[in-house]
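What follows is one structure encoded as structure tokens, with my remarks underneath.
We number each residue from 1, following the sequence as shown. Just so it is clear, the structure is predicted and the values come from calculations on it, not from any experiment.
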Amino acid sequence: MVSLTVAAETLGISTKTVRRRIADGTVRGYRVGRLIRLDLDEVREALAVVIPSAG
């Protein structure tokens with residue numbers, strides 16, 4: 001479980017994008033007290049885009 005900032009930096013996106021994805025249900029956020037934490041593996045899987053091979 002990582003913070004929004006760590007997740008955003010790891011994936012090369014903004015924290016605002018991470019917050020938007022939590023709000024639209026693409027990514028699942030977990031509240032721990034007042035903090036929001038993310039499972040980095042879940043985030044990677046949810047935001048991964050498969051590019052079809054040309055062939």
> Which pairs with one or both residues in residues 18-29 pass side-chain hydrogen bond (donor to acceptor under 3.5 Å, both in side chains), sequence neighbours excluded?
Replying inline: Arg21-Asp24, Asp24-Thr26
> At their closest point, which heavy atom of Leu4 faces which heavy atom of Thr15, and how far apart are they?
Replying inline: O-CG2, 4.0 Å
Side chains of residues 29-40: which donor-acceptor partners sit under 3.5 Å, not counting sequence neighbours?
unit_1: Tyr30; atom_1: OH; unit_2: Glu42; atom_2: OE1; d: 3.2
unit_1: Tyr30; atom_1: OH; unit_2: Glu42; atom_2: OE2; d: 3.0
unit_1: Arg31; atom_1: NH1; unit_2: Arg34; atom_2: O; d: 3.4
unit_1: Asp39; atom_1: OD1; unit_2: Asp41; atom_2: N; d: 3.1

> Taking only residues two or more places apart in sequence, or in another chain, which ones meet Ser14 in a side-chain hydrogen bond (donor to acceptor under 3.5 Å, both in side chains)?
Replying inline: Thr17
> With a 4.5 Å limit on heavy-atom distance, are the side chains of Val2 and Val43 in contact?
Replying inline: no
